[in-house]
Amino acid sequence: MRLQDYDCFYASVFEAENPVLKSLPLAVQQKQIIATCNYEARRRGLKKLQLVREAKKICPDVVIVLGEDLAPFRDASKQLHAFLRAFIWGDRVERLGFDEVFLDVTEMIEYNVELLNAHDLLHSFFHLDKLDPTVGFAFDATKFSGPTFPPSTDSPVCIESCFPKAFEDPLRLRLLLASHLARYLRDQLEHQKGYTASVGVSTSKLLAKLAGNVHKPSNQTTLLPPYVAAGPEEESNITRFMDAHEIGKIPGIGYKLVNRLKAHILCHDSDVGPHETPTRTSVTDNNKVTVRDVRCFANMGPHLLEKILGGPGSSRDIGTKVWGLINGVDTTEVHTARKIPTQISIEDSYGTLDTFDAVRKALVLLAASLIRRMRADLTEGERDDNKQADENKSSSIKRTRWLAHPRTLRLSTRTRAPEVNGTRNHIFNRVSRSAPVPRFLFNLDENVDALAERLVHESILSMFRKLHPERAGWHLSLLNVAVTNMVETAGESKHSNGRDIGKMFQQQETNLQPWKVIDGDDHSTVHDLQSASTANSEWDEGKLHAAPRFPHAPSPAETSTDDVFADDMADAAWEDSDGEDSTWSDPCRFCGTLVPHFASAAHELYHTVPE
DNA sequence: TCGGAGTAG
DNA sequence: TTTTCTACTCCGA
């Protein structure tokens, strides 16, 4: 199991496009801040999230590029994801944000362990293709590739010492092979795509991710066994590794939890109720608290953690979860790539937005971006809004279809902190209102800007009025428009991904690979962490959508007998929040949109049907 | 289902 | 330490 983390990703996207930038200090600007910068810039003292003004002062010759348009980053991320996926068996590649990827290579490692020649480890061959034994790379299986944690103390001549060691311990051998695979993939990524990455090699996403931070950039770290303490007086390498981290560095333990934990550890202030909101007296960074500080605190365990962190609003079993995390236990799966995002949102921030007209204009721009993104990410088929050969026009339109229809539209705003007499108000939270997505939004032939205009006037502005009934004087600092609640439309079957039942069984099978399981006395309480909450959804959705539907336009008879589809649409016929405009009727045969009877003929004109 | 909170990159 | 543009998950009502 490994994590890839592309080094300073935004900057790397520009560098890959224009390699000259690689040797210069490069910073990516969003609004007034440096979103990220390359390592040359960091060497000169620049930091992420620094004000551009300060950055220029510190490093006057910094090259600054604008990175507010995320499309290039999104595209590069998808490309790299696809590139890596081609190497990994069983599609076990999960993207986290734009610049991180988890790879579950269990199956590949198991296969290669079997084929290892114990008599000539020096000249081993890693197979990347079960069907073609020539595909792969040579490697030296007498030692780990790259740095390890703890650092290797082996002398350079280690054939004697490593070889039996690795074979005694199955986990050690598997991690060793994985370290070579990691090296290989990093090389491929660098030489074929021009991106460097940092990688962690371990048995869970949590451990791999933290390990990946140890040697950055452009390097890798393998977390060595033993993963289970050898005796009561011993510590496992997991404990050693986890203990050294600041508590807030653990993924899943964010700002709020850190504050509550620190309040307890540092002040052991038992008066602090579980849900007293952290005030400005909340503990700040002078006092570092490590995982060890928490883990070894008197009476520490799931129960005490639940008392410290639990309460209304907290996750269920938060104590158990956090106890698991600080003990290095993470049983979450590497999820295979999702075909459809669960939400698409577009936002922009503003100095202050105070007039209705300014708000309206801003919303139209956001709506237009949102519609473009919906078309890019939720449709399938060749559609190019700009250039289209005339004769092909109709044939290219008819091939474009929605993969999913979002049902809910959401407007969120954030107001500027009121700045009342010295007291900095802690209210930079967002507020939101939702409404159904109007069906006209799915009309692929309408001009984006026209649709945006219409969406704002017919839907978004009324949400805005609910959110801000006052006539003016909202000090808006942010607007966000989003669509959520995706309902997938009929699959064109073939390679519609993620919905594949065979794949799900295959996953289950690999889930049971024994060497992946983290076990041990010290965290026996957290074995079935999350099993209930994660196992579910793929299957549920798969069941609902597995049946291939509508490879072509169906006959009316097919439409009416398609129960699953009808169910979806019943779902989709959500109540209209204002009670108006809810004369739904049948789903359109071509795009799945619900169309009122009176409009169905007109609607269908939008589709040119192949027969 | 909605709206908010929390976390992450 | 609140400055960017997102995206996901969970909780209570």
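We use all heavy atoms of the structure for the numbers below, so side chains are in, but hydrogens, waters and symmetry mates are not. Protein chains get the first letters and strands the later ones, always in sequence-line order, with residue 1 at the start of each.
To the nearest angstrom, C1' of C:dT2 lies 15 Å from CD of A:Q50. Atoms CG (A:N485) and C1' (C:dC8) sit 14 Å apart, rounded to a whole Å. Distance A:E94 CD to C:dT9 C1': 13 Å, rounded to the nearest Å. Between A:E306 atom CD and C:dC11 atom P the separation is 11 Å, expressed in whole Å. Rounded to whole angstrom, the span from the CG atom of A:L479 across to the P atom of C:dT4 amounts to 13 Å. Between A:D377 atom CG and C:dA7 atom P the separation is 8 Å, expressed in whole Å. Look at CZ on A:R95: it is 14 Å from P on C:dT6, rounded to the nearest Å. The distance between atom CD of A:E68 and atom C1' of C:dT6, rounded to the nearest whole Å, is 14 Å.
Between A:F73 and A:F98, the gap from one ring centroid to the other reaches at least 6.0 Å.
Checking the phosphate oxygens (OP1, OP2) of B:dA5, a side-chain nitrogen or oxygen of A:N429 falls inside 4.0 Å. Put simply, A:R407 has a side-chain N or O that comes within less than 4.0 Å of OP1 or OP2 on B:dT1. For the OP1/OP2 pair of C:dA7 and a distance below 4.0 Å, the side-chain nitrogens and oxygens of A:S345 include at least one atom meeting the criterion. Within the structure, a side-chain polar atom (N or O) of A:R338 is placed less than 4.0 Å from OP1 or OP2 of C:dT9. Under 4.0 angstrom from either OP1 or OP2 of B:dT1 there lies no side-chain N or O belonging to A:T408. The side chain of A:K256 contributes an N or O atom lying less than 4.0 Å from OP1 or OP2 of B:dG6.
Judged by closest nucleotide on DNA chain C, A:S349 is the one of A:S349 and A:P341 placed further toward the 5' end.
For the pair A:K288 and A:E246, the salt-bridge criterion is met [side-chain N within less than 4.0 Å of a carboxylate O]. Checked for salt-bridge contact, A:D348 and A:K31 meet the test: a charged N lies under 4.0 Å from a carboxylate O. Ion pair A:R373/A:D377 flagged as a salt bridge, since at least one NZ, NE, NH1 or NH2 atom sits closer than 4.0 Å to an Asp/Glu carboxylate oxygen.
Taking the six-membered ring for Trp and thresholds of 30 and 60 degrees, A:F241 and A:H245 have ring planes more than 60 degrees apart, a perpendicular arrangement.
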